[in-house]
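What follows is a set of notes on a single structure, which appears directly below.
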Amino acid sequence: MQGLVLEGGGARGAYQVGAIKALYELGYEFDGVSGTSIGAINGAFVAQDEIEELEKLWSNLEYDEFINIDPEDYKIIKDMDYQVKNIGKIAQAVIKAIEIDGFDISPLKKYLSKVIDEDKIIKKGKDFFVTSVKVNKRVDFEYVKIGTKKRGTAYKDIVDSASLPIFRAIRRNGGISLDGAFYDNIAITPLYDLGYEKIVLVRVNTETTAKLLPNKDRELESEVDVIIPRENLGGLFNFDKEHVNYLIKLGYLDTYRHYHRLFGNKYYFKNDEKHDERYFLNKILSLDEKTVEALSEIFGVGKKKSKERTIVEVIIPEVGKLLNLDEDFTYSDFLSSIYEEKLIEQGLDRLNIYDFDKTIEAVEKTIVIDKESIEKYKDNFERFNILRAVLNKSDEDYAKLNRGNIISLIINGFKESKNI
């Protein structure tokens, strides 16, 4: 059996909408879904097999359709994020919430009461869990399986899972509901316990902490495939339409990249059979001899016995650090990042799919470096290295000042290699 797990994260849930759309296009089918907070709301549409309706909801969403709030108060909570560095904003939002007895999300509850169809969920037959926290005389934690309790309460159980403390308290059966993230924000456990062999987890938070409480940490025998954004998705309550649609597209493209249908770090390039690691390595090794020598001098490392060794042992590691690539970066990461630097300078839209070969050809046409310029670059780098030692400048300062020139030099080296 194959299951889908959706992490909680407020407005960042828009990222999951794009990811879910891509997963279905790629042929994935899910026997069960488990969600926390906004993940529970998105999960309801998956349980009902209504993916188009989910995208339609988010694409047309306005913040006042989610919450009754004064525009000035919305500005206070919009960019709220539960991190220590944002403690001031969190405190401001909490104080405001106390003053008005919590922000009112009745528009969201009213909408969900209309679109969540418990009968349809039961008929579709998917296992659907939401994470629940109830506070009465004690705190009770539970994974609620929708469709197995009293009929007519499904949408309430789903909304309960998204009951953040700054929202107006939801009272049921003499107790208060809290956001499911206080128990398990990545609710793999209920699907795992049912024997799901394959689980796809769509995260929306880039922080390494998976849960607020470590009560469910354990080794999983199930195969867990994690789709995680490479960039921060913004404030928990930023429901501005432009931002939401950005996240939907980002989740969609990231998922295609995750399954190797696209490649790139900050941009997205079409993948095909020829774009394997051998293709990228050969391209990197084609760097012309004079550029390799110039880069060796710039990095203060003597040239190795062969051009290829110098590239592999000196240039790739040094430029990889300059580009802030992960330690385990691939040749495709390396080469695409080099050209992406120039695409960023040119202000090219990130959320499009590009043809890699046509893109690098277009970038190379914009780079013109003659032999005198190369010597000038080398002199400048040497002077800067001396100044760095005297003025105690950091590697970060070095990268900021010289990365653009080094990237231009490398791209020119690829261009020159074609003319040999």
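- Between Phe269 and Tyr339, a ring centre-to-centre spacing not shorter than 6.0 Å is recorded.
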Could you give me the CA-CA distance, side-chain angles and deciding distance for Arg278 and Asn282, then say whether side-chain contact (heavy atoms from CB on, under 4.5 Å) is met? CA-CA 6 Å; Arg278 173 57 60 181; Asn282 288 339; 3.4 Å; yes
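- Distance NE2/His258 to CG/Leu26: 10.5 Å, rounded to 0.5 Å.
- Classified by interplanar angle (parallel below 30°, tilted 30° to 60°, perpendicular above 60°), the ring pair Tyr183/Phe141 is parallel.
- With Thr366 contributing its side chain and Val363 its backbone, the two residues share a donor-acceptor pair below 3.5 Å.
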Audit row: Val319, Phe334, side-chain contact (heavy atoms from CB on, under 4.5 Å) steps and yes/no: CA-CA 8 Å; Val319 175; Phe334 178 85; 3.6 Å; yes
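- Defined by atom type and a distance below 3.5 Å, a donor-acceptor pair is missing between the side-chain atoms of Arg257 and Tyr252.
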Going through the checks in order, is the side-chain contact (heavy atoms from CB on, under 4.5 Å) test met by Arg12 and Ile38? CA-CA 8 Å; Arg12 297 170 184 171; Ile38 199 66; over 6 Å; no
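- Here the shortest heavy-atom pairing between Asp288 and Gly413 reads OD1-CA, 3.3 Å.
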Residue pair Lys342, Glu345: steps toward the salt bridge (charged side-chain N to carboxylate O under 4.0 Å, His left out) verdict: CA-CA 5 Å; Lys342 293 303 174 186; Glu345 283 181 18; 3.2 Å; yes
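- A donor-acceptor pair under 3.5 Å links the side-chain atoms of Ser306 to the main chain of Arg309, judged by distance alone.
- The closest side-chain heavy-atom distance from Ser132 to Tyr143 is not below 4.5 Å.
- By the 4.0 Å N-to-carboxylate-O rule, Asp127 lies close enough to Lys145 to be salt-bridged with it.
- Although no hydrogens or angles enter the test, the distance criterion places a donor-acceptor pair under 3.5 Å between the side chain of Thr36 and the main chain of Asp184.
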Determine, stepwise, if the pair Glu7 / Asn205 fulfils side chain to side chain donor-acceptor pair (under 3.5 Å). CA-CA 8 Å; Glu7 182 181 26; Asn205 299 302; 3.0 Å; yes
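- In this structure, Asn271 and Leu262 have side chains that are not in contact, with every pair of non-hydrogen atoms separated by 4.5 Å or more.
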Decide side chain to side chain donor-acceptor pair (under 3.5 Å) for Tyr268 and Arg261; before the verdict, give the C-alpha distance in whole Å, the side-chain angles of both, and the deciding distance to 0.1 Å. CA-CA 10 Å; Tyr268 301 86; Arg261 302 299 181 92; over 6 Å; no
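- A donor-acceptor pair under 3.5 Å links the side-chain atoms of Asn245 to the main chain of Lys241, judged by distance alone.
- The environment of CD in Glu327 is sparse: at most 12 heavy-atom neighbours from other residues, nucleotides or ligands sit within 6.0 Å.
- Listed for the Tyr196 side chain is a donor-acceptor partner under 3.5 Å among the backbone atoms of Asp31.
- For the atom pair NZ (Lys21) and OG1 (Thr255), the distance works out to 11.5 Å, reported to the nearest 0.5 Å.
- Partners of Ser332 by side chain to side chain donor-acceptor pair (under 3.5 Å), not counting sequence neighbours, listed by chain and number: Glu277, Thr330.
- Side-chain atoms of His243 do not come within 3.5 Å of backbone N or O of Gly234 as any donor-acceptor pair.
- Side-chain atoms of Asp240 do not come within 3.5 Å of backbone N or O of Glu242 as any donor-acceptor pair.
- You'll find the side chain of Ile186 reaches within 4.5 Å of the side chain of Arg203, heavy atoms only.
- Judged by distance alone, with hydrogens and angles left aside, the side-chain atoms of Asn185 form a donor-acceptor pair with the main-chain N or O of Gly8 at under 3.5 Å.
- Of all the heavy atoms in Val312 and Pro317, the pair that sits closest is O-CD, 3.3 Å.
- Residues Lys266 and Glu231 are not paired through a salt bridge, judged by the lack of any N-O separation under 4.0 Å between the basic side chain and the carboxylate.
- When atom types are taken as modelled, the side chain of Lys270 and the backbone of Asp355 share no donor-acceptor pair closer than 3.5 angstrom.
- Val226 has its side chain out of reach of Val202: every pair of non-hydrogen atoms, C-beta onward, lies at least 4.5 Å apart.
- No donor-acceptor distance shorter than 3.5 angstrom exists from the side chain of Asp326 to the backbone of Phe329, with no hydrogens or angles considered.
- How far CG of Asp49 is from CD of Glu29: 8.5 Å, rounded to the nearest 0.5 Å.
- For the pair Lys124 and Asp117, the salt-bridge criterion is not met [side-chain N within less than 4.0 Å of a carboxylate O].
- Two residues are said to be in side-chain contact when any heavy atoms from C-beta on lie closer than 4.5 Å; Tyr15 and Asp254 meet this criterion.
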Under the side chain to side chain donor-acceptor pair (under 3.5 Å) criterion, do Tyr267 and Asn352 qualify, and how do the steps go? CA-CA 8 Å; Tyr267 284 80; Asn352 269 325; over 6 Å; no
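- By the neighbour-count criterion of 12 heavy atoms within 6.0 Å, atom OH of Tyr354 is densely surrounded, having more than that number from other residues, nucleotides or ligands.
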Given Thr291 and Glu416, is the side-chain contact (heavy atoms from CB on, under 4.5 Å) satisfied, shown in steps? CA-CA 9 Å; Thr291 304; Glu416 288 297 314; 5.5 Å; no
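- A distance of 9.5 Å separates CG of Leu281 from CD of Glu308, quoted to the nearest 0.5 Å.
- If you take CG on Leu4 and CG on Leu23, they are separated by 6.5 Å, rounding to the nearest 0.5 Å.
- A salt bridge links Glu223 with Lys198: the closest approach of a Lys/Arg side-chain nitrogen to an acidic carboxylate oxygen falls below 4.0 angstrom.
- The minimum heavy-atom distance linking Phe239 with Leu236 is given by the pair CE1-O, 4.2 Å.
- Taking 4.5 Å as the limit, some side-chain heavy atom of Ile284 sits within range of a side-chain heavy atom of Tyr331.
- Contact of the Pro229 side chain with the Val204 side chain is not registered, since no non-hydrogen atoms from C-beta on lie closer than 4.5 Å.
- Here the side chains of Ile311 and Ile316 are in contact, with some heavy-atom distance below 4.5 Å.
- In terms of the salt bridge (charged side-chain N to carboxylate O under 4.0 Å, His left out) criterion, Lys365 has no residue partners (sequence neighbours excluded).
- Figure legend: Lys283 and Phe414 shown as a cation-pi pair, the cationic atom lying under 6.0 angstrom from the six-membered ring centre and within 45 degrees of its axis.
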Can you check side chain to side chain donor-acceptor pair (under 3.5 Å) on Ser337 and Asn265, steps first, answer last? CA-CA 6 Å; Ser337 292; Asn265 293 291; 2.6 Å; yes
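- Rounded to the nearest 0.5 Å, atoms CD1 (Ile20) and CD (Glu55) are 10.5 Å apart.
- Taking a 6.0 Å sphere around NZ of Lys123, one finds it holds 12 or fewer heavy atoms contributed by other residues, nucleotides or ligands.
- Using modelled atom types and a 3.5 Å distance limit, the side chains of Asn42 and Trp58 yield a donor-acceptor pair.
- Closest approach of Leu201 to Val224, counting heavy atoms only: CB-CG1, 4.2 Å.
- The residues Lys321 and Glu318 are annotated as salt-bridged, a charged nitrogen and a carboxylate oxygen being separated by less than 4.0 angstrom.
- Judged as a ring pair (Phe, Tyr, Trp, His ring centres under 6.0 Å), the pairs with a partner in residues 20-49 (not counting sequence neighbours) are, in order, Tyr28-Tyr259.
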